[in-house]
Amino acid sequence: MDGFYKLITEKKSLAQACEELSGEDVVGFDCETTELEPRDGKLRLLQLSGSKNTYVIDLRSFEGKKPLAENRDLDPLRKVLFAQRPIKVAHNAKFDSKWVAHHLGTDVGGIFDTMLASQLISAGERDRRHGLADVAAFFLGTEVDKSEQVSDWNAAELTESQIRYAAKDAAIMTGLRNKLLERLRVDGLEQVAELENACVMPIARMELNGFYLDGDSWLRHVEQIKEKRDEVASELQEMLSSAATQANLFGVAEINLDSPTQVSDALRQLGVPIEDSTSANQLEPFANDFPAVGKLLEYRALAKALSSFGENFLEFIRKDTGRIHSDFRQIGAPTGRFSSSNPNIQQIPHQEAYRRCFKAPDGRKLVIADYSQIELRILAEFSDDQSFIGSFVSGKDFHTATAAQVFNVNEEEVTPEQRSFAKRLNFGVVYGIGASRFAAMTGLTIREAEDTLRRYFTTYPRLDEWLRNAAKRAVSERMSRTASGRMMKFNFDQDDRSAVGAAGRNAKNFPIQGTSADILKRALSILHESLRGTSGIIVNTVHDEIIVECGEHDAEDVLEKLTASMESAAKEFLKKVPVKVDAHISDDWSK
DNA sequence: GTGAAGGGCCAC
DNA sequence: AAACGTGGCCCTTCAC
């Protein structure tokens with residue numbers, strides 16, 4: 001096995017290798033780096049493995065006065081990487097693509113990501129792992145030794161073992177892809193795999209780009225919240241401890257306001273009839289009768305604001321870019337939605353005070369676009385309910401149009417209360433809401449809530465039918481799909497009624513939420529190509545929203561391209577229901 | 001001291 | 001009788 005690879009350290013053999021590789025259909029692709037963040041370290045090795053040879057390129061020997069990105073000797077390599085062919089097979093290709101993008105200055109074209117393929121095949125099974133070693137063991141039945149992964153890739157002379165490890169990782173990729181392709185084909189997952197693979201580079205770039213955050217504005221806001229929090233905390237402390245002292249001979253005990261157990265004890269002393277939980281929706285009904293409850297809710301909101309979105313948030317701003325570079329997991333949820341962490345940029349509070357701190361730097365603009373009611377449009381498409389679809393075609397305001405139909409009045413006669421009911425119904429159905437929950441949410445009695453739900457589903461009979469069917473199929477087929485073919489398996493105990501119920505609600509929601517994710521991902525990959533040649537860079541995406549930063553001079557052009565990308569992506573999946581994208585140019589994220 | 005579990009709450 | 005879907009983060013509590 002020794003010497004199965006070729007180590008490349010100079011221009012001429014690199015050119016020859018790339019010449020050979022450019023004739024391949026598929027190559028394995030991997031990188032070894034000295035750090036995890038491209039801006040923090042060096043890209044040491046880049047491995048490409050074709051049908052004839054496995055090449056290990058030592059980029060240290062191409063370093064000079066100029067950065068690697070400007071070294072023309074690497075042009076042949078850039079060409080192979082950028083091209084759609086050969087296909088580059090990598091595990092967690094986002095990682096390698098970020099390093100190549102940052103250090104070599106090129107996108108990677110024609111990506112096949114074995115990690116994403118494995119995630120698609122496992123279809124939401126939570127206990128499956130998707131590291132390279134796990135995936136290779138599962139699909140190839142071979143052991144992969146990862147012990148050199150964390151070795152010193154900075155050393156002047158790499159050991160034979162290190163280079164062999166690097167070569168091996170790339171060399172197994174094409175065989176692994178073959179196994180995965182077979183399973184993707186059998187499971188009907190080829191289209192969604194293509195969609196995911198095309199999204200890797202846009203996301204890699206988005207993470208490198210980062211989202212500009214004005215730290216000073218953020219800090220000023222945090223200071224205000226702090227003052228309020230301290231004020232509210234002492235008031236609340238007073239209210240709660242006056243009750244505690246009566247029961248406590250040893251004097252006033254400070255209550256830990258962040259401890260649900262201590263807080264619920266204190267509230268009980270005050271006579272608040274708490275049941276099992278002190279969560280906001282449980283406490284809300286008592287806020288009028290017990291001032292301490294209202295005060296507690298006020299305190300919680302401020303405390304949450306300071307813990308999750310306080311000073312510590314500023315530590316995520318990179319000193320060298322002034323920007324936030326969150327991690328995005330491309331298949332963060334089984335539905336195909338992204339998840340985001342360090343920090344989670346998808347859960348920034350909606351209040352203007354926070355959102356306005358996310359800005360375009362001087363001389364630039366943000367172009368912000370989101371889909372209007374995308375999940376309800378998807379439900380309309382799936383159910384083919386003509387009245388429901390009609391609300392999108394005719395109505396100026398969707399919830400008003402729904403209210404008019406459900407309560408059988410003209411749109412002009414719809415009361416604010418009716419519209420509010422309609423809105424909550426529309427959102428609720430997507431999650432498989434039941435009467436009791438709807439009652440709790442609206443203050444209706446169970447009977448009234450049942451009536452209202454019945455009314456809604458009588459207005460939209462096909463919608464009701466589709467949702468019931470979705471739940472039924474989850475039980476019989478134990479599987480559900482989105483429009484792109486993305487799959488979710490259901491595993492539950494047939495005799496456990498609540499588990500069957502949960503699976504049913506899941507089956508109602510999965511195709512809707514998942515198709516929405518399909519559409520967004522298509523939009524991102526179309527957009528990424530469409531923005532070439534403009535000043536636009538994608539800086540964030542939140543489920544049905546995409547944010548692009550660009551120069552003032554071509555903001556209008558970018559807005560047009562963003563809108564067009566999102567619309568055409570949605571139209572690939574929605575044939576009967578119109579698509580609506582709202583887009584605008586702004587200086588910050590608040591507007 | 002560390003880490004898992006659970007409560008609570010932010011987003012869509 | 002009932003639990004309305006998908007995430008991540010912070011804090012407390014409790015076990016090792």
Side-chain angles (χ1 to χ4, degrees), chain A residues 124 126 255-264 274 276-284 296-297 299-313 315-316 326-351 354-355 370-376 378-379 424-442 446 449 453 467 470-471 474 480 482 486 488 490 496-517 520 540-546 589:
Chain A
R126 295 210 161 251
I255 287 167
N256 182 348
L257 300 175
D258 298 317
S259 161
T261 41
Q262 293 183 35
V263 165
S264 76
I274 316 171
D276 50 339
S277 148
T278 65
S279 64
N281 52 358
Q282 295 267 327
L283 287 176
E284 232 135 60
L296 173 63
L297 294 175
Y299 170 78
R300 287 244 179 97
L302 295 166
K304 169 72 181 180
L306 285 170
S307 62
S308 287
F309 310 107
E311 260 163 299
N312 35 2
F313 201 88
E315 286 162 24
F316 288 112
S326 297
D327 301 329
F328 284 82
R329 279 185 58 198
Q330 198 171 313
I331 303 181
T335 55
R337 271 194 180 181
F338 292 104
S339 70
S340 148
S341 58
N342 303 306
N344 182 348
I345 201 78
Q346 304 189 134
Q347 59 159 176
I348 304 301
H350 217 90
Q351 288 123 278
Y354 297 97
R355 295 276 172 122
D370 66 344
Y371 287 109
S372 161
Q373 315 287 14
I374 190 67
E375 295 201 340
L376 290 170
I378 292 165
L379 178 56
R424 283 180 282 188
L425 280 163
N426 282 330
F427 283 119
V429 285
V430 174
Y431 305 136
I433 197 171
S436 67
R437 183 67 198 237
F438 187 60
M441 195 164 94
T442 54
I446 296 274
L453 277 170
L467 288 165
S480 175
T482 70
R486 188 189 305 280
M488 165 103 141
F490 300 104
D496 183 344
R497 280 186 56 120
S498 74
V500 174
R505 289 191 297 277
N506 224 294
K508 290 174 184 178
N509 181 257
F510 172 78
I512 301 169
Q513 191 182 117
T515 300
S516 168
L520 183 81
N540 194 16
T541 179
V542 191
H543 308 313
D544 62 357
E545 177 181 18
I546 299 174
W589 197 14

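In the text below, chain A, chain B and the rest are named by the order of the sequence lines, each starting its count at 1. Just so it is clear, the structure is predicted and the values come from calculations on it, not from any experiment.
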> Going through the checks in order, is the side-chain contact (heavy atoms from CB on, under 4.5 Å) test met by A/Leu453 and A/Ile433?
Replying inline: CA-CA 9 Å; A/Leu453 277 170; A/Ile433 197 171; 4.3 Å; yes
> Between A/Phe338 and A/Gln330, is a side-chain contact (heavy atoms from CB on, under 4.5 Å) present by the stated rule, with each step listed?
Replying inline: CA-CA 5 Å; A/Phe338 292 104; A/Gln330 198 171 313; 3.6 Å; yes
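Using bins of under 30°, 30° to 60° and over 60° for the plane-to-plane angle, the ring pair A/Phe313/A/Phe316 lands in the perpendicular bin.
Rounded to whole angstrom, the span from the CG atom of A/Leu425 across to the C1' atom of C/dC4 amounts to 13 Å. We find that CG of A/Leu296 is positioned 16 Å from P of B/dG7, with the value rounded to whole Å. The OH-P distance, from A/Tyr299 to B/dC9, rounds to 12 Å in whole Å. Across the protein-nucleic acid pair, A/Gln351 atom CD and B/dC12 atom P stand 11 Å apart, rounded to whole Å. Residue A/Arg355 contributes atom CZ, which lies 8 Å from atom C1' of B/dA11 at whole-angstrom precision. Distance A/Ile446 CD1 to C/dA2 C1': 9 Å, rounded to the nearest Å. Rounded to whole angstrom, the span from the CG atom of A/Leu467 across to the P atom of C/dG5 amounts to 14 Å. Atom-to-atom, CG of A/Leu297 to P of B/dC10 comes out at 10 Å; the value is rounded to the nearest Å.
Rounded to whole Å, the C1' atom of C/dA2 lies 23 Å from the corresponding atom of B/dC9.
Residue contacts shown for A/Val430 are absent, as no nucleic acid heavy atom lies under 4.0 Å away. Looking at heavy-atom distances under 4.0 Å, A/Ile348 makes contact with sugar-phosphate atoms alone, never a base. Among the protein residues, A/Arg424 comes within range of no part of the nucleic acid, since none of its heavy atoms lies under 4.0 Å from any strand.
Exactly one residue among A/Asn506, A/Thr482, A/Asn509 makes a side-chain contact (heavy atoms from CB on, under 4.5 Å) with A/Met488. That residue is A/Asn506.
Side-chain atoms of A/Arg300 lie closest to B/dG8 of the nucleotides B/dG8, B/dC12, C/dA2.
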>> I need a per-nucleotide contact map over nucleotides 6-12 of chain C, read 5' to 3'. Cutoff is protein heavy atoms under 4.0 Å; write B for the base, S for backbone only, - otherwise.
In response: BBBBSSS
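For the pair A/Ser340 (side chain) and A/Ile345 (backbone), a donor-acceptor distance under 3.5 Å is present.
Interatomic distance, CD1 of A/Ile374 versus CD of A/Gln513, reported as 13.0 Å (0.5 Å rounding).
Using a 4.0 Å cut-off between a side-chain N of Lys or Arg and a carboxylate O of Asp or Glu, A/Glu375 and A/Arg337 qualify as a salt bridge.
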